[in-house]
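Below: one structure, written as C-alpha cells.
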Amino acid sequence: MSAEESERSRLPFEPNKKRQKPAKTQSKPAIQPQESSKQADRKTPYTKEEMTIPQVVSQRMIRRVAGFCGVPTALGITTLVVSYLLAIYSDIQLPPIAVLLVNMGLFGLGVLGITYGVLSASWDEERVGSLLGLGEFNTNWGRMVAVWRETRQKNS
C-alpha cells in the first residue's frame, strides 16, 4: 500500500503520526546516553484531542443510534403492551410464542441498530452523509475490517 493510498483510507479524525512501539531492552545502563531524550521525543503519546472523536461526528452517531436502535426497541415494548391489552380487553388471544418471537426480533433489531447507527454516520466532520447512510456504512465497515486484518497480521 503506497503512502498516497494509506492517506486516503485514513479516518478524517485519525492522527497523522504513527505510534511507535518502545524498543525492547535487556537491561538499562547506569548512565543513559543522549539518545534516550531523542527516544522520549519519538514516543510521545497522542494528546486527548488527537484521540477523541470530534463533537460533530459524536452527535451525528448519537442521533443515528437513537433512531436505528430506539424505533425497534419502542416497537418491541409497544407490541408487549398491545398484546396484553388485546388479551385483557378483547377476545383476541395471540399465541405467546408469536409475541415472544416478534419481541425478540424487534429487540434484536434494536441491538443491531446500535452498530448500524455508529457505522452509518459520516466520520468526516464536514460531510453530513445520507439519510440511511448506506454509503457511509460500506466505507466505515471497510475501514474497520482493514484495521482488524492489519492488527491480526501484526499479532501473528
Please answer whether the main-chain N or O of [Y] pairs with a side-chain N or O of [X] as donor and acceptor at a distance below 3.5 Å.
X	Y	value
Ser58	Pro54	no
Arg60	Asp124	yes
Ser122	Arg127	yes

- Over 12 non-hydrogen atoms of neighbours within 6.0 angstrom of CE in Met144: yes
- Result for side chain to side chain contact (heavy atoms under 4.5 Å, CB included) between Val99 and one of Leu86, Thr79, Leu80 points to Leu80
Single-linkage hydrophobic cluster [X]~[Y], side-chain heavy atoms < 4.5 angstrom:
X	Y	value
Met104	Tyr84	no
Val65	Leu109	no
Ile114	Leu106	no
Val81	Ile92	no

- Shortest non-hydrogen contact from Gly110 to Cys69? O-SG, 3.2 Å
- Item | Considering all heavy atoms, the nearest Glu125-Val57 contact | CG-CG2, 4.0 Å
- Message: Using the rule given for side-chain contact (heavy atoms from CB on, under 4.5 Å), can you reason through Met61 versus Trp123, listing the C-alpha separation, both sets of side-chain angles and the distance that settles it, and then say yes or no?
- Response: CA-CA 9 Å; Met61 288 178 181; Trp123 292 355; 3.0 Å; yes
Quick one: [atom1] on [X] to [atom2] on [Y], what's the gap to the nearest 0.5 Å?
X	Y	atom1	atom2	answer
Arg64	Ile62	CZ	CD1	13.5 Å
Ser83	Asn103	OG	CG	7.0 Å
Trp141	Ser120	CH2	OG	13.0 Å
Glu150	Asn155	CD	CG	10.5 Å

- Task: Let me see the working for Ile97 and Leu100 under side-chain contact (heavy atoms from CB on, under 4.5 Å), right down to the final yes or no.
- Result: CA-CA 5 Å; Ile97 191 71; Leu100 173 71; 4.0 Å; yes
- Message: I'd like to know whether Phe137 forms a side-chain contact (heavy atoms from CB on, under 4.5 Å) with Leu132, so could you lay out the CA-CA distance, the side-chain angles of the two residues, the decisive distance to 0.1 Å, and finally the verdict.
- Response: CA-CA 9 Å; Phe137 178 81; Leu132 292 179; over 6 Å; no
- Query: Is there a side-chain contact (heavy atoms from CB on, under 4.5 Å) between Tyr116 and Leu134 once you walk through the steps?
  - Reply: CA-CA 9 Å; Tyr116 186 77; Leu134 293 173; 3.2 Å; yes
- Task: Using only heavy-atom distances, determine whether the side chains of Asn140 and Arg143 contain a donor-acceptor pair under 3.5 Å.
- Result: yes
